[in-house]
Amino acid sequence: MQPNIMIARHMKLVSLALTAFTITLGTMNASNAEQVNIPLFLEAPTAETTIDALRVSFRSELVDQNLTERTTTERPRVSLSCNDKKLQVLHLYIPRDLNPWKSLTESFSTKGEVKSVSAFSVFIGSVFAANIGEGLDISMDVGSTAAGIGRSWYDGMPITIDIPSAGDLPALNIVLFGAEPRPHFRTEMAAAIKACEILSGS
């Protein structure tokens with residue numbers, strides 16, 4: 001795909017998604033100076049689902065709203081996994097230029113909220129965060145919401161992860177938007193949703 005076509009595609013995605021982002025931000029206290037908002041967008045061509053008998057994993061690279069060019073190792077990325085033990089985990093890597101927790105020197109555990117516009121109820125789960133190099137690595141137990149997260153992304157809608165402040169670390173409001181509804185993305189996302197539903201017994 002030509003670079004200018006890719007840029008146009010992403011700019012269309014950003015334009016549509018920022019409307020939803022504005023709605024999402026409207027539910028928060030705008031005067032909270034200790035909160036950092038991080039909007040990121042799934043990149044459809046990089047979506048991939050891997051399934052075996054006991055585990056499914058969906059992975060995608062992400063882009064920021066400025067379409068910042070980065071090396072392969074410094075691109076933001078997300079994964080969503082489910083297994084036969086009914087453990088469902090969202091993993092997120094935020095590169096150094098977007099990392100508001102650069103001062104984090106040790107691994108950090110807390111509770112966070114994951115929510116969507118309408119696909120599932122707010123879930124509070126355990127969050128584990130650590131800096132790897134200068135990038136921020138976050139893992140979150142999302143309870144039984146993995147299929148709902150997938151459905152939100154499949155429909156091009158965002159999910160929001162809220163992580164509270166601690167010490168000199170600001171609170172994080174991370175908004176992950178679904179990609180454009182292209183066939184490849186929808187095929188990979190639908191496979192992950194179905195597998196998570198089967199593994200969770202829903």
Side-chain angles (χ1 to χ4, degrees), residues 21 24-25 28 32-43 46-50 52 54-66 68-116 120 122-146 148-150 152-153 158-179 192 196 199:
F21 185 45
T24 302
L25 290 181
M28 302 181 303
N32 186 356
E34 298 301 316
Q35 178 172 278
V36 175
N37 301 314
I38 306 175
L40 295 167
F41 308 84
L42 275 72
E43 189 172 29
T46 66
E48 180 183 15
T49 294
T50 304
D52 61 32
L54 303 176
R55 185 175 185 272
V56 56
S57 178
F58 170 83
R59 296 180 296 276
S60 177
E61 292 182 0
L62 303 163
V63 294
D64 63 29
Q65 60 189 17
N66 297 318
T68 306
E69 292 288 339
R70 297 183 175 86
T71 63
T72 300
T73 57
E74 276 300 300
R75 291 173 187 163
R77 50 192 177 270
V78 66
S79 68
L80 183 65
S81 63
C82 309
N83 65 24
D84 64 325
K85 306 296 184 184
K86 299 188 178 181
L87 177 63
Q88 302 184 3
V89 176
L90 186 146
H91 179 260
L92 178 66
Y93 174 75
I94 300 174
R96 59 186 176 185
D97 63 307
L98 299 175
N99 181 7
W101 282 8
K102 293 185 180 72
S103 62
L104 181 64
T105 58
E106 299 179 349
S107 59
F108 175 69
S109 297
T110 186
K111 295 287 186 180
E113 288 186 353
V114 60
K115 54 192 174 185
S116 72
F120 55 90
V122 174
F123 177 79
I124 298 174
S126 298
V127 173
F128 180 84
N131 275 327
I132 298 179
E134 294 184 72
L136 181 62
D137 198 71
I138 297 173
S139 294
M140 181 176 184
D141 173 6
V142 295
S144 60
T145 67
I149 291 171
S152 293
W153 290 341
I159 66 152
T160 302
I161 299 169
D162 288 319
I163 302 174
S165 60
D168 65 344
L169 302 175
L172 303 183
N173 175 256
I174 304 166
V175 185
L176 303 177
F177 294 93
C196 281
L199 289 170

Exercise: do N131 and N99 side chains pair donor with acceptor under 3.5 Å
yes
Tightest non-hydrogen contact, residues S60 and T46, listed as OG-OG1, 3.4 Å
Side chain to side chain contact (heavy atoms under 4.5 Å, CB included) between L172 and I161, worked out
CA-CA 8 Å; L172 303 183; I161 299 169; over 6 Å; no
I38 side chain near V175 side chain, heavy-atom distance below 4.5 Å
no
Listing request: all salt bridge (charged side-chain N to carboxylate O under 4.0 Å, His left out) pairs with a residue in residues 163-176, at least two apart in sequence or in separate chains.
none
Distance from L80 atom CG to C196 atom SG, nearest 0.5 Å?
5.5 Å
Assess whether side chain to side chain contact (heavy atoms under 4.5 Å, CB included) is satisfied between I149 and V142, documenting all intermediate values.
CA-CA 9 Å; I149 291 171; V142 295; 4.1 Å; yes
Can we say D64 and R70 salt-bridge, meaning some charged N sits less than 4.0 Å from an Asp/Glu carboxylate O?
yes
Do K111 and S126 come close enough that some side-chain heavy atom pair is under 4.5 Å?
yes
Distance from T145 atom OG1 to L90 atom CG, nearest 0.5 Å?
8.0 Å
Can you confirm whether P76 sits close enough to E61 that some side-chain heavy atom of one is under 4.5 Å from a side-chain heavy atom of the other?
no
Rounded to the nearest 0.5 Å, the CD1 atom of I94 sits from the CG atom of L62 at a distance of 9.0 Å
Heavy-atom closest pair (S152 atom, I159 atom, distance to 0.1 Å) is CB-CG2, 3.8 Å
What verdict does the side chain to side chain contact (heavy atoms under 4.5 Å, CB included) test give for N83 and V89, after you've listed the backbone C-alpha separation in whole Å, the side-chain angles of each residue and the deciding distance to 0.1 Å?
CA-CA 9 Å; N83 65 24; V89 176; over 6 Å; no
What pairs of residues pass the salt bridge (charged side-chain N to carboxylate O under 4.0 Å, His left out) test when at least one of them lies in residues 81-95, not counting sequence neighbours?
none
Interatomic spacing from CD in E34 to CG in L169 - rounded to 0.5 Å
10.5 Å
Which pair of non-hydrogen atoms, one from P170 and one from P100, has the smallest distance, and what is that distance?
CD-O, 3.8 Å
Given side chains that start at C-beta, do those of D137 and F128 come closer than 4.5 Å, heavy atoms only?
no
For side chain to side chain contact (heavy atoms under 4.5 Å, CB included), just list the numbers for V122 and V114, CA-CA rounded to whole Å, side-chain angles, deciding distance to a tenth of an Å, and then say yes or no.
CA-CA 6 Å; V122 174; V114 60; over 6 Å; no
Contact summary for G112 and V127, nearest pair of heavy atoms
N-CG2, 3.6 Å
Nearest non-hydrogen partners of D52 and R55, listed with the distance
OD1-N, 2.6 Å
Which distance, rounded to the nearest 0.5 Å, do you find between the CZ of F177 and the CG of L40?
9.0 Å
Give the ring-plane orientation class for F108 versus W101, where under 30° counts as parallel, over 60° as perpendicular and anything between as tilted.
perpendicular
Given the rule in the side chain to side chain donor-acceptor pair (under 3.5 Å) test, do E74 and Y93 qualify, once you have shown the distances and angles that lead to the verdict?
CA-CA 9 Å; E74 276 300 300; Y93 174 75; 3.0 Å; yes
Taking C-beta and beyond as the side chain, do T110 and P164 meet within less than 4.5 Å on heavy atoms?
yes
Pairwise distance CG(N173) to CG(D162) - rounded to 0.5 angstrom
4.5 Å
Is there a donor-acceptor pair closer than 3.5 Å between any side-chain N or O of W153 and the backbone N or O of L176?
yes
Salt-bridged, E48 to R59, with N to O below 4.0 Å?
yes
Any side-chain heavy-atom pair from F58 and T50 closer than 4.5 angstrom?
no
Output yes when a side-chain donor or acceptor of K115 lies under 3.5 Å from a complementary backbone atom of F123, and no otherwise.
no
Which heavy atom in C82 sits nearest to a heavy atom in Q88, and how many Å separate them?
SG-CG, 3.9 Å
Taking the side chain as C-beta and beyond, is there a heavy-atom pair between L136 and L104 under 4.5 Å?
yes
